[in-house]
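One structure is given below, encoded as structure tokens.
Positions are given from 1 along the sequence.
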Amino acid sequence: MTEPRRLRGHKATATCCIASRDKPGLVATSGEDGCICWFDMRCKDVKFVMDVSNEPISSLCFNSGNENIIYVSTGNEVKCFDVHTLADNSWKPLESYNYNKEEINQVTCNSRSSFLASADDGGEIKIIDIRQKRIFKTLRAGHTSICSSVQFIPWRPWEIVTGGLDSKFIIWDFSKGCPSKIVDFGLPDMHSGSNAGQCLNPAFVHSVKVPDVDMLDKIGKICVVARGDGVIDVINTESELTATKPKSSTKSRKGTQSKGSDGGVPDENGRKWLHLDYSLGGHTAAVSCMTFSLFGEKGKFLVSGGNDKLVKVWDCSRCLGSWQTGDTNELLHLNINLTKKVNWLCTTPAESDNLVVCDTTKLVKVYTVS
């Protein structure tokens with residue numbers, strides 16, 4: 001692996017990065033300096049810098065239908081900006097949402113550009129109706145600790161997935177405001193599919209990721225879960241929800257705890273799981289973030305970053321075959337050694353296949369993935 005390109009613009013640690021799908025090569029990054037830096041992979045220097053907050057920025061996301069609109073979480077507030085209407089050095093937001101009581105860890109927009117979700121330190125998830133500019137629903141009584149990550153499920157328009165530092169992965173029906181499924185990785189039998197050496201660290205859920213609709217034919221209707229014990233779980237969400245349905249409807253609404261299935265082959269309840277752990281060349285410390293590749297065949301690769309200062313590129317297209325056969329060979333495609341822990345990742349196609357990494361420094365690194 002050649003030396004990475006370094007993107008300069010932040011004055012403090014870079015916290016998050018997102019890549020445009022409409023404009024390949026355009027990347028926005030945020031930092032603890034309260035700034036958003038815009039980069040074009042074709043250019044050497046930062047395009048422009050938005051000074052939007054006195055507090056660190058924890059998360060960014062584009063409006064799915066209009067990437068001129070960007071949502072920014074800082075403290076317990078979500079700010080909305082129209083990048084095209086911003087005057088020089090005047091960073092006035094279009095909208096500002098102050099529904100979360102605690103600090104927000106992630107903000108995300110659904111594929112229809114109608115709802116925004118923000119997950120906070122109190123374990124609550126606020127669902128905001130973007131068009132009506134009001135709160136739609138508050139999701140609580142699921143997580144008992146920090147809710148670290150949230151994603152909409154694009155093929156299920158009224159459902160989201162969340163992960164938290166209570167070791168829980170939850171699928172929610174946000175129209176009803178209740179869980180459809182709760183998986184507790186803190187239960188002893190949930191470690192049975194993992195190597196015992198990785199159980200020393202708590203299985204906190206640091207990140208959850210769901211593929212976009214145009215990736216489904218390649219990798220299926222899955223969700224990936226990044227855990228504090230270094231394991232990445234690839235979960236077939238449809239089989240998980242199907243496994244819940246035979247139970248009484250009342251119980252499934254309240255949430256049921258999954259009793260662990262060990263690896264890729266479906267268990268007696270029809271669940272399909274795949275554990276990417278260090279026995280397959282995976283992480284040896286907490287996995288902090290993940291992203292699906294936007295270059296080449298979209299979604300072919302899953303990229304993960306961890307506190308072990310490593311980035312792993314997994315061939316996600318092989319996961320479907322692994323579920324059917326139990327063969328987990330050649331899932332790890334590439335291993336990248338870094339010098340710092342990873343905060344966030346994104347990928348973007350430009351003249352080359354670019355992997356953008358925010359680590360614990362103010363310099364954003366760009367690696368070419370071949």
Side-chain angles (χ1 to χ4, degrees), residues 13-18 30-32 55-61 71-78 99-109 116-128 138-153 159-172 174 179 181-187 190 198 201-210 223-235 237 255 276 283 285-292 302-308 341-346 358-360:
T13 299
T15 55
C16 182
C17 55
I18 55 174
S30 64
E32 291 184 355
E55 295 183 81
I57 296 172
S58 57
S59 179
L60 300 170
C61 72
Y71 301 99
V72 182
S73 63
T74 172
N76 63 347
E77 182 179 20
V78 180
Y99 300 120
N100 292 81
K101 296 177 183 177
E102 304 286 342
E103 186 171 338
I104 297 169
N105 295 303
Q106 189 170 20
V107 62
T108 187
C109 179
L116 198 69
S118 54
D120 67 29
D121 277 359
E124 292 190 349
I125 303 96
K126 301 292 183 179
I127 307 294
I128 301 164
T138 296
L139 308 181
R140 56 169 66 96
H143 291 289
T144 55
S145 182
I146 292 169
C147 183
S148 51
S149 187
V150 57
Q151 293 275 286
F152 286 95
I153 304 178
E159 296 188 41
I160 64 168
V161 292
T162 61
L165 301 194
D166 52 3
S167 301
K168 289 179 182 175
F169 164 74
I170 304 179
I171 304 174
W172 301 80
F174 69 84
K181 182 77 178 180
I182 298 176
V183 177
D184 189 347
F185 291 108
L187 296 175
M190 292 303 294
Q198 292 191 249
N201 295 323
F204 295 159
V205 179
H206 291 289
S207 179
V208 294
K209 195 69 177 175
V210 177
C223 178
V224 286
V225 180
R227 290 166 33 177
D229 56 0
V231 177
I232 299 169
D233 276 307
V234 183
I235 300 174
T237 54
L276 305 179
H283 292 278
V287 186
S288 54
C289 54
M290 301 171 300
T291 189
F292 289 103
L302 170 69
V303 187
S304 62
N307 290 351
D308 52 5
K341 296 178 181 180
V342 181
N343 283 337
W344 216 284
L345 298 163
C346 71
C358 294
D359 59 24
T360 53

Task: Shortest non-hydrogen contact between Ile182 and Pro179, atoms and distance - done: CG1-CB, 4.0 Å
TODO: Check whether any side-chain N or O of Asn76 sits under 3.5 Å from a backbone N or O of Asn100 as a donor-acceptor pair, and report yes or no.
DONE: yes
Open item on the list: Once you measure the plane-to-plane angle for Phe152 and Phe174, does it fall in the parallel (<30°), tilted (30-60°) or perpendicular (>60°) bin?
Closed with: perpendicular
- [ ] Determine whether Ser149 and Val205 make a side-chain contact, defined as any pair of heavy atoms from C-beta on separated by less than 4.5 Å.
- [x] no
Task: Minimal non-hydrogen separation, Cys223 against Phe169, with atom names - done: SG-CE1, 3.6 Å
- [ ] Drop me the distance from Phe185's CZ to Asp233's CG, to the nearest 0.5 angstrom.
- [x] 4.5 Å
Open item on the list: Any side-chain to backbone donor/acceptor pair from Thr15 onto Glu32? Under 3.5 Å, distance only.
Closed with: no
- [ ] Determine the minimum heavy-atom distance between His283 and Gly305, stating which atoms define it.
- [x] CE1-C, 3.9 Å
TODO: Taking all non-hydrogen atoms of both residues into account, name the closest pair between Asn105 and Cys147 and its distance.
DONE: ND2-O, 3.0 Å
Task: Flag side-chain contact, heavy atom, 4.5 Å: Val342 against Asp359 - done: no
Open item on the list: How long is the straight-line distance from CD1 of Ile104 back to CD of Glu77, given to the nearest 0.5 Å?
Closed with: 8.0 Å
Open item on the list: Would Thr138 and Lys126 count as a side chain to side chain contact (heavy atoms under 4.5 Å, CB included) here? Give the steps.
Closed with: CA-CA 5 Å; Thr138 296; Lys126 301 292 183 179; 3.0 Å; yes
Task: Minimum side-chain heavy-atom gap Trp344-Ser59 below 4.5 Å - done: yes
Task: pair Thr74-Ser30: side-chain heavy atoms closer than 4.5 Å - done: no
TODO: Measure the NZ-CZ distance between Lys168 and Phe204 for me, rounded to the nearest 0.5 Å.
DONE: 12.5 Å
TODO: Kindly give the heavy-atom pair with the smallest separation between Leu345 and Val303, and that separation in Å.
DONE: CD1-O, 3.7 Å
TODO: For residues Thr360 and Asn343, determine if any side-chain heavy atom of one lies less than 4.5 Å from a side-chain heavy atom of the other.
DONE: yes
Task: Residue of the set Leu139, Val150, Val161 for which side chain to side chain contact (heavy atoms under 4.5 Å, CB included) holds with Trp172 - done: Leu139
TODO: Calculate, to the nearest 0.5 Å, the distance between atoms NZ and OG1 belonging to Lys181 and Thr237 respectively.
DONE: 11.5 Å
TODO: Over all heavy atoms of both residues, which pair between Gly186 and Ser167 is shortest? Give the atoms and the distance, please.
DONE: N-CB, 3.6 Å
Open item on the list: Side chains of Ile18 and Cys346, heavy atoms from C-beta outward: is any pair under 4.5 Å?
Closed with: no
Open item on the list: Please report the interatomic distance OG1(Thr162) to CD(Gln106), rounded to the nearest 0.5 Å.
Closed with: 10.5 Å
TODO: Any chance you could measure His206, atom NE2, to Leu165, atom CG, to the nearest 0.5 Å?
DONE: 6.0 Å
- [ ] Evaluate the side-chain proximity of His143 to Ile125: yes if any heavy-atom separation is below 4.5 Å, no if none is.
- [x] yes
Task: Salt-bridge criterion met for Lys101 and Asp120 (N-O under 4.0 Å) - done: no
